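Structure, as structure tokens:
Keep in mind that this is a model prediction, so the values were computed, not measured.
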Amino acid sequence: MPLAEHLRELRNRLMKSVLAILAVTVVGLVYYKQIADFLTEPLRDSVGCTAGFGRAAEEGEACAEITLNGLIAPFTVMLKVGLATGVVLACPVWLYQLWAFLAPGLHSHEKKYARGFVAAGVPLFLSGAYLAYLVLPTMASTLIEFTPEGTGNLVPLDDFLDIITRMVVVFGLAFELPLVLVLLNFGGVVTGRKLLGWWRGMVVSIAVFAAVATPSGEPLTMGALALPIVLLYFIAVGICLLNDRRRKRKDPYAGLSDDEASPLDHTPETVGTAEPVETAALPESTPEDGPARRNGYDDAT
């Protein structure tokens with residue numbers, strides 16, 4: 001398609017994704033109090049000041065209290081909760097629209113694999129989002145420990161929701177990394193052996209990414225993000241190696257690049273017994289026919 005058609009197709013796919021997110025966002029706005037309670041429950045259970053700041057300070061306990069500042073704050077929180085709900089729960093739609101935009105550039109057999117990638121991408125994204133929800137209590141308790149003694153900690157709910165949203169989206173997208181690697185392998189862009197050779201750099205990169213993505217920066221939260229991604233990376237490498245072996249059995253030259261010559265087999269093969277072939281002798285020529293012939297050949301020959 002020309003560039004204008006690609007841009008028009010991209011616009012249509014984005015519009016469908018945005019409409020799906022908005023539809024789920026409306027549902028999230030209706031039930032935003034229940035969703036906000038579900039999101040803040042790990043923080044209240046881990047570092048909530050159930051007895052108040054005064055008694056907690058006397059007992060030397062570090063705790064926090066979730067607050068809202070200003071009249072507009074509850075409305076802002078409602079919008080943030082609804083939008084975060086729309087992005088997470090509408091992931092099957094926008095992942096499918098992403099595949100539908102890429103599908104015209106794929107071959108028929110690659111489209112078959114792409115449907116499987118979309119089916120695997122949704123649970124991977126939701127698994128990463130749920131993992132972010134699980135590590136919230138550990139992250140919160142670690143950060144609250146830095147509070148000086150005798151000092152209370154007020155946690156604005158909108159700031160806390162920003163942290164939750166960022167962690168959920170980052171964890172969810174990070175879990176899509178193995179899927180992208182398998183997609184590149186099935187498309188013939190990279191081989192499983194090459195991916196395996198990158199394992200040291202990939203492990204270090206994943207660790208650095210986990211350190212930047214987690215707000216607390218403490219080892220337990222970093223490990224909770226990095227270890228599953230590393231495990232999924234090696235699972236993806238295993239799938240790529242199996243796919244390369246299957247492709248090699250089907251086509252021995254599948255691993256060659258476009259500008260690389262296929263190998264030649266110089267091993268001599270046994271020649272069978274030659275079969276006799278009967279030939280008819282040509283008649284002797286006469287001087288009128290031209291140059292004299294002997295046994296069917298002229299003098300020049």
(request) Would you mind reporting whether Leu126 and Val88 have side-chain heavy atoms less than 4.5 Å apart? (result) yes

(message) Counting C-beta onward and ignoring hydrogens, is there a side-chain heavy-atom pair between Val237 and Trp199 closer than 4.5 Å?
(response) no

(request) Please name all residues satisfying salt bridge (charged side-chain N to carboxylate O under 4.0 Å, His left out) with Arg193, sequence neighbours left out, ordered by chain then number. (result) none

(message) Using the salt bridge (charged side-chain N to carboxylate O under 4.0 Å, His left out) criterion, which residues pair with Asp159? Sequence neighbours excluded.
(response) none

I need the full list of salt bridge (Lys or Arg N to Asp or Glu O under 4.0 Å) pairs touching [range], with sequence neighbours left out, sorted by first then second residue.
| range | value |
| --- | --- |
| residues 78-97 | Lys80-Asp162 |
| residues 83-93 | none |
| residues 18-28 | none |

Quick check: closest heavy atoms across [X] and [Y], and the distance to 0.1 Å?
| X | Y | result |
| --- | --- | --- |
| Val170 | Phe209 | CG1-CZ, 3.5 Å |
| Tyr233 | Leu181 | CD1-CD1, 3.5 Å |
| Leu177 | Met202 | CD2-CE, 3.9 Å |
| Leu68 | Pro74 | CD1-CG, 4.0 Å |
| Pro178 | Leu232 | CG-CB, 3.2 Å |
| Cys240 | Gly192 | CB-CA, 3.7 Å |

(request) Just do the side-chain contact (heavy atoms from CB on, under 4.5 Å) check on Phe175 and Phe125 with the steps written out, would you? (result) CA-CA 6 Å; Phe175 271 53; Phe125 183 86; over 6 Å; no

(request) Apply ring-ring contact (aromatic ring centres under 6.0 Å, His included) to Phe171 and list each qualifying residue two or more places apart in sequence or on a separate chain. (result) none

(request) With sequence neighbours left out, write down each residue that passes ring-ring contact (aromatic ring centres under 6.0 Å, His included) with Tyr96, or none if nothing qualifies. (result) Trp99

Taking [X] for the side chain and [Y] for the main chain, is one N or O donor matched with an acceptor at less than 3.5 Å?
| X | Y | answer |
| --- | --- | --- |
| Asp244 | Thr191 | no |
| Gln97 | Leu14 | no |
| Asn185 | Val190 | yes |

(message) Among Leu83, Val81, Val87, which residue satisfies the side-chain contact (heavy atoms from CB on, under 4.5 Å) criterion with Thr25?
(response) Leu83

(request) Verify side-chain contact (heavy atoms from CB on, under 4.5 Å) between Leu227 and Leu231, making sure each step is shown before the conclusion. (result) CA-CA 6 Å; Leu227 290 180; Leu231 178 61; over 6 Å; no

Residues which pass side chain to side chain contact (heavy atoms under 4.5 Å, CB included) with [X], listed by chain and number, not counting sequence neighbours:
| X | result |
| --- | --- |
| Val180 | Leu184 |
| Leu89 | Val24, Thr85 |
| Leu39 | Ile35, Leu161, Ile164 |
| Phe38 | Tyr133 |

(request) Kindly give the cluster partners of Val18, where membership spreads through any ILVMFWY side chain lying under 4.5 Å from a current member. (result) Leu22

